[in-house]
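To keep things clear, I will list the structure first and then write my remarks on it.
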Amino acid sequence: MDNTSPVSLDDELRNWPADEAEARAVQDRLRRHVRLDEPGPPPDFEGTVVGVDVAYDDARDVVAAAAVALDARTLEIVDEATAVGRISFPYVPGLLAFREIPTVVDALAKLAQTPGLVVCDGYGRAHPRRFGLASHLGVLTGLPTIGVAKNPFTFRYDAPGDGRGATAPLLDDLDGTTEEVGRALRTQQGVKPVFVSVGHRTGLDGACAHTLRLAPTYRLPETTRAADALCRRVLAAG
DNA sequence: GCGACAG
DNA sequence: ATCTTGTCGC
C-alpha cells in the first residue's frame with residue numbers, strides 16, 4: 001500500500017469517528033501523510049495567509065467557524081468566510097481536531113482564493129501522537145499549515161529571552177527520545193510567548209518567521225485575532 | 001489511582 | 001472554549 005496516496009477529504013468527513021478510540025486510530029492512520037520536507041512559503045510570499053478559528057455554544061450544540069484571508073505582504077484583510085455547524089465531537093485533550101475541522105473546512109471552501117498558508121489556533125506536530133489540529137487540517141486539505149497555540153499543553157520549555165523574536169525549544173519525550181516539537185516564541189517584549197509548531201508542508205523556522213511577521217503589535221497573530229473576532233460575531237448573531 | 005491537559 | 005466588572009496602565 002502506498003503510504004503517501006492522496007487522502008480523500010470527502011471520505012474522511014463522511015467517516016468521522018464516533019468515539020475516542022476511533023479518533024486516535026484516524027490520527028495514527030493519517031499521520032504518515034504529513035509532509036515535513038517542505039519549507040513552506042517564504043516570509044513575504046505573494047498570496048494570502050488565512051487564519052481559522054471557531055467559537056462554541058454548547059447549550060445550542062452549535063459551532064461557528066471563520067476563515068480570514070490576509071495579504072501576506074501587507075497583512076490587510078482581503079477576504080472572509082464563515083460556516084455554522086453542529087458540534088461533532090466532545091472536547092478531549094489531544095483530539096481537538098475532531099471538534100473543529102468539519103466546520104473549518106466548510107468556511108475555508110468559501111474563500112475566493114486558495115490560501116498560501118493556513119494558521120491554526122492550536123498545535124500541529126506538537127501533539128502526543130504528533131498529529132494535532134494543524135497537521136490534520138493540512139493533510140485533509142493539502143494546504144501548508146502551522147499551529148500557533150496560547151498554552152504549552154503538556155510540553156516542556158525554558159522561558160525564551162525577553163525580547164520580541166526570542167525563542168526556546170518546545171520539548172516532548174516519545175519512545176525514549178526527546179524531540180523539539182515546536183517553539184515558544186516571544187512575539188511582544190515582556191509578554192508571555194506563543195507556542196508554534198508545524199502542521200503540514202511547512203518548516204519550523206518558517207512557521208516562527210511567519211508568526212512573528214503576523215504579530216507586529218499584539219501577542220497573537222493578526223490572522224488568529226481576525227478569525228476569533230469573526231466567529232464570535234457569527235455565533236452571537238445566529 | 002491521581003493529576004494535567006491545545007480549544 | 002465559556003462564564004464575567006471593574007480596573008491598572010500605556
Side-chain angles (χ1 to χ4, degrees), chain A residues 17 20 23-24 26-27 31 34 51-68 82-105 107-108 118-139 145-157 164 170-174 179-185 187-200 204 207-208 211 216-221 223-238:
Chain A
E20 297 185 22
R24 291 193 186 87
V26 169
Q27 292 180 330
R31 183 176 46 209
V34 172
V52 293
D53 195 18
V54 301
Y56 304 98
D57 184 335
D58 286 302
R60 290 186 304 163
D61 192 39
V62 166
V63 52
V68 180
T82 63
V84 175
R86 292 301 193 82
I87 298 180
S88 53
F89 212 84
Y91 172 66
V92 180
L95 300 179
L96 179 62
F98 297 96
R99 192 168 161 78
E100 310 210 334
I101 282 188
T103 317
V104 165
V105 166
L108 277 175
V118 178
V119 180
C120 298
D121 196 356
Y123 280 118
R125 180 151 182 86
H127 178 275
R129 287 171 296 283
R130 303 290 181 268
F131 197 71
L133 168 65
S135 316
H136 201 148
L137 183 65
V139 165
T145 60
I146 66 173
V148 180
K150 299 181 282 295
N151 297 293
F153 202 12
T154 62
F155 309 109
R156 313 169 352 233
Y157 71 101
R164 170 175 154 84
L170 198 59
L171 304 174
D172 190 31
D173 302 310
L174 191 62
E179 180 192 342
E180 181 184 29
V181 294
R183 252 169 232 163
L185 167 65
T187 54
Q188 295 296 320
Q189 183 172 77
V191 173
K192 175 181 173 176
V194 296
F195 304 90
V196 180
S197 60
V198 302
H200 182 59
L204 188 52
C208 290
T211 302
T217 310
Y218 300 98
R219 176 183 177 231
L220 296 179
T223 39
T224 300
R225 288 167 41 78
D228 179 74
L230 180 54
C231 65
R232 287 186 199 228
R233 226 179 300 147
V234 169
L235 196 64

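A quick note: this is a predicted structure, and the numbers were derived from the prediction, not measured. When reading the values below, keep in mind they use all heavy atoms of this one structure, side chains included, and skip hydrogens, waters and symmetry mates. So that the names make sense, note that chain A is the first sequence line, chain B the second, and so on, each numbered from 1.
Atom pair A:D228:CG and C:dT2:P shows a separation of 8 Å (rounding to whole Å applied). One atom, CD1 of A:I87, and another, P of B:dG7, lie 17 Å apart when rounded to the nearest Å. Rounding to whole angstrom units, CG of residue A:L96 and P of B:dA6 are separated by 9 Å. Atom CZ of A:R60 and atom P of C:dA1 are 18 Å apart (whole Å). If you measure from atom CZ of A:R24 to atom P of B:dA6, you get 15 Å, rounded to the nearest angstrom. With rounding to whole Å, A:R219 atom CZ is found 19 Å from C:dC10 atom C1'. With rounding to whole Å, A:D57 atom CG is found 9 Å from C:dT2 atom P. In this structure, A:Q27 places its CD atom 15 Å from P of B:dA6, rounding to the nearest Å.
Nucleic acid contact class of A:I101 (heavy atoms, under 4.0 Å, all strands): none. No engagement by A:A126 is indicated, since no non-hydrogen atom pair under 4.0 Å with the nucleic acid exists.
With respect to A:D172, the side-chain hydrogen bond (donor to acceptor under 3.5 Å, both in side chains) criterion is satisfied by exactly one of A:R130, A:R156, A:R125: A:R130. Just one of A:V63, A:V105, A:V52, A:V54 meets the side-chain contact (heavy atoms from CB on, under 4.5 Å) condition when paired with A:E100; it is A:V54.
An OP1 or OP2 oxygen of B:dG7 is reached within less than 4.0 angstrom by a side-chain nitrogen or oxygen of A:N151. Note on A:K150: a side-chain N or O is less than 4.0 Å away from OP1 or OP2 of B:dG7. Regarding contacts with the backbone of C:dT2, a side-chain N or O of A:R232 is found under 4.0 angstrom from either OP1 or OP2. Within the structure, every side-chain polar atom (N or O) of A:Y56 is placed at least 4.0 Å from both OP1 and OP2 of B:dG7.
A salt bridge does not link A:D57 to A:R86: none of the charged side-chain nitrogens sits closer than 4.0 Å to a carboxylate oxygen.
A donor atom on one side chain and an acceptor atom on the other are found under 3.5 Å apart for A:R129 and A:Q27.
Classification of the A:F98-A:F89 ring pair by plane angle, with boundaries at 30° and 60°, yields tilted.
Using a 5.5 Å limit on the distance between ring centres and a 30° limit on the angle between planes, the aromatic ring of A:Y91 counts as stacked on the six-membered base ring of B:dG7.
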